[in-house]
K.L.:
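This is the structure, below, for whatever I ask next.
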Protein chains: 2
Amino acid sequence: MTMGNPGGRRRPPTIHDVAREAGVSRGTVSRVLNGGHYVSPAAQEAVDAAIRKTGYVVNRHARSLITGRSDSVGFLLTEPQERFFEDPNFNVLLRGCTQALAAHDVPLLLMLAGTEDERRRITRYITAGHVDGVLLVSSHSGDPVAEELRAAGVPLVACGKPIGLGSKVSYVAADDRDGARDMVRHLLSLGRRRIGVVTGPLDTPGGVERLAGYREVLAEAGIEADERLVVPGDYSRASGEAGAERLLERAPDVDAVFVASDLMAQGVLTALQRAGKRVPDDIAVGGFDDSPAATAATPALTTIRQPWDRISNEMVRVLLAQIGGEDPAAVILPTELVRRDST
Amino acid sequence: MTMGNPGGRRRPPTIHDVAREAGVSRGTVSRVLNGGHYVSPAAQEAVDAAIRKTGYVVNRHARSLITGRSDSVGFLLTEPQERFFEDPNFNVLLRGCTQALAAHDVPLLLMLAGTEDERRRITRYITAGHVDGVLLVSSHSGDPVAEELRAAGVPLVACGKPIGLGSKVSYVAADDRDGARDMVRHLLSLGRRRIGVVTGPLDTPGGVERLAGYREVLAEAGIEADERLVVPGDYSRASGEAGAERLLERAPDVDAVFVASDLMAQGVLTALQRAGKRVPDDIAVGGFDDSPAATAATPALTTIRQPWDRISNEMVRVLLAQIGGEDPAAVILPTELVRRDST
DNA sequence: CATGCTTCTGTGAGCGTTCACAGTAGAGAA
DNA sequence: TTCTCTACTGTGAACGCTCACAGAAGCATG
């Protein structure tokens, strides 16, 4: 007769229970659990059956205590949380990483380092070995947390090429420069010649690269650079709106704009509409990101799709490899032009 | 001479090292770590100093192994991930929960139960005790994961009143009905009498309650219910657009619309603009959520703000209380009318 | 002086797992 | 036969912590 444990949760079965049930030793069960080398088919089968019967699930705490690994990784977001949390790409990335990790049975711990206090706590938590590695989202340069983690030898994979960190840190990024090139070439192919740009923040690699791609293509097309056509933005909708106004004021003959993010492009569209410009007839507008904002905009935005699903998969792959002892690696993934109604 | 551990991460200090450094026993250090009862001021101080000096951080795995607690909680999203991941409120909620938990030094594990496979793995993971409790986001009715967790006695707090689960599960929700009442009263106060509604999905409590609030206020104002003014939606932008078209078709004299979400309200605005209706002159539009979509819309949306920061705080508070042995609780928080340009 | 109570401290056991090691059995080679 | 090698299995010792318990010291009370 089973007594159970009325009023509380039952004590879960241990490796010991499984061993007894299967008629083998703890060691054999453990071997089955960890890859099954040096176990006889008979034992293998008996243990499998016993696990199913008892509903055994390994106690990760006990395992971690002895292996020194935690078999979990952190997803760390430092600094300007608002920007990221409002960015739909961030969602896709977070979801992709979570799922890719889940496929490897690795839990993801979400860590937000907003305040100085949180920063300190998280750094201690990580360097104390409570996670085996970190997926890092922190576009801005010279991140002290990232630097500290790198110095402590914590496996680290950044999303986007990190500025300021040594070359020893892994990262996965879309090919921003090439994406920008594609877009500007596309605008050129439509016959546009006075092509403006609203840049991203220039303390981020993405911002820098996208601007560089723009400049490259114009140069290779033999079009003289005109700095009046270059206005700065910070990826926010508001800065797109302001940028477009400034652009129209400085270069009224502009016939196309490459905007370094879809969110900014939404702002650009608003400003152009207010100024009485028709899109794409008077001015063609190209975005970057292929975020939901791109399809929601009117007209729907032509944009550059970043392969976020592949980015998250690669981040996880590289991180797990690094945890497994491999060297840091940089992965750059191709982008894709998505043509809609704004060009 | 310190040998260190060249080529690898150093073994972190243990409670033993701290004890030796402070000249006390492990037990005393442990007591200091866990609240400091029954420790002399002198010992307290010595241990504190030793912790600072050695940089000691407790090994949570070892602790969990013996206490049976994991001192972490899961943030579980079941089912229609797209809907939530595109919902800005979800971000705010996730962030709020993460930060509230961080304040208690409790890590958050992000769990996405999309596929059947993931569902099973997550359920096992949780019931095996790898988290102490679960923050649940799953508006739809009859969630099998939630039911299983509840049956297993896992502390659980849902966001929004769950349908289908017994009354034994805690939840935190905004007062949807009262918010809807406020909005409709506001529209009445502007002199509108032909007030339509685009509802949320009616298999969710939020959808049901918001509609109920609408009906209540009209009834108490002595306005006869007109079912032509009620059109269904599913919180998506597209359904707002379709809903507005349908509404105009069925009741051309409509002079206000209460839309059960801002995202849908954006769609409504688009459709109204296309139909040549001026907002708010011809038709006033009220949203719900106060999401970024509300300020981004033109005209900016009058809407009902849900106190997401308080909701996440309360969810965490209730969950931790429940983990600590308290009974399940329901918390309902007041909403707030935010007036902008669409009414 | 004995007794009790409170406050504080150290000690040993044990949480559930992995790992190193020792040991067994059977096959094949000398 | 005897030895070696391979394939497999069991055992004790950790991992770092908490918890129960025993005991010491100080102080008031009988």
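Residue numbering restarts at 1 for every chain, and letters A, B, ... go by the order of the sequence lines.
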K.L.:
For H16(A) and dC15(C), what is the distance between atoms NE2 and P respectively, to the nearest whole Å?
P.N.:
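Rounding to the nearest Å, NE2 of H16(A) and P of dC15(C) are 10 Å apart.
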K.L.:
Of S40(B) and N59(A), whose closest DNA chain C nucleotide lies nearer the 5' terminus?
P.N.:
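Closer to the 5' end of DNA chain C: S40(B).
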K.L.:
Measure the shortest side-chain to side-chain distance between H61(A) and R63(B) over non-hydrogen atoms and say whether it is less than 4.5 angstrom.
P.N.:
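With C-beta onward as the side chain, the pair stays apart.
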K.L.:
Given dG10(D), dC19(D), dT17(C), which nucleotide is nearest the side-chain atoms of R69(B)?
P.N.:
dC19(D)
K.L.:
Among dT17(C), dT18(D), dG10(C), find the nucleotide with the atom closest to the side chain of I66(A).
P.N.:
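Of the options given, the side chain of I66(A) lies nearest dT17(C).
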K.L.:
Between T54(A) and D17(A), does any side-chain donor sit less than 3.5 Å from a side-chain acceptor?
P.N.:
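No, no side-chain donor-acceptor pair sits under 3.5 Å.
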K.L.:
For the pair made of CZ in R63(A) and P in dT18(C), what is the distance, rounded to whole Å?
P.N.:
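Value for this atom pair: 5 Å.
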K.L.:
State, without any angle test, whether E148(A) and T127(A) hold a side-chain donor-acceptor pair at a distance under 3.5 Å.
P.N.:
no
K.L.:
Figure out the CG/C1' separation between D71(A) and dG16(C), and round it to whole Å.
P.N.:
15 Å
K.L.:
Mind calculating the distance between CZ (R20(B)) and C1' (dG10(C)) to the nearest angstrom?
P.N.:
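So the CZ-C1' distance, R20(B) to dG10(C), works out to 16 Å.
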K.L.:
Please report, rounded to the nearest Å, how far the P atom of dT11(D) is from the CZ atom of R31(A).
P.N.:
11 Å
K.L.:
Select one nucleotide: of dG10(C), dC8(D), dG16(C), the one nearest the side-chain heavy atoms of Y38(A).
P.N.:
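That would be dC8(D).
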K.L.:
Less than 4.5 Å apart, side chain to side chain, heavy atoms only: is that true for L93(B) and M315(B)?
P.N.:
yes
K.L.:
Can you tell me how far C1' of dT9(C) sits from CG of N34(B), to the nearest Å?
P.N.:
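Distance check: N34(B) CG to dT9(C) C1' gives 16 Å.
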K.L.:
So, is S30(B) near the phosphate of dT18(D), with a side-chain N or O under 4.0 Å from OP1 or OP2?
P.N.:
yes
K.L.:
With heavy-atom distances below 4.5 Å as the criterion, would you say the side chains of F75(A) and C159(A) are in contact?
P.N.:
no
K.L.:
Are T67(B) and dT18(D) close enough that a side-chain N or O sits under 4.0 Å from OP1 or OP2?
P.N.:
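No, because none of the side-chain N or O atoms of T67(B) sits under 4.0 Å from OP1 or OP2 of dT18(D).
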K.L.:
May I ask you to say what R26(B) touches in the nucleic acid, namely base, sugar-phosphate or nothing, with a heavy-atom cut-off under 4.0 Å?
P.N.:
base
K.L.:
Could you tell me how far apart L33(A) (CG) and dC19(C) (C1') are, to the nearest whole angstrom?
P.N.:
14 Å
K.L.:
When the distance from CG of L65(B) to C1' of dG14(C) is rounded to whole Å, what number comes out?
P.N.:
9 Å
K.L.:
Less than 4.0 angstrom between a side-chain N/O of T14(B) and OP1 or OP2 of dG16(D), yes or no?
P.N.:
no
K.L.:
Look at the side chain of S25(B) and decide which nucleotide, out of dC17(D), dT9(C), dT9(D), has an atom nearest to it.
P.N.:
dT9(C)
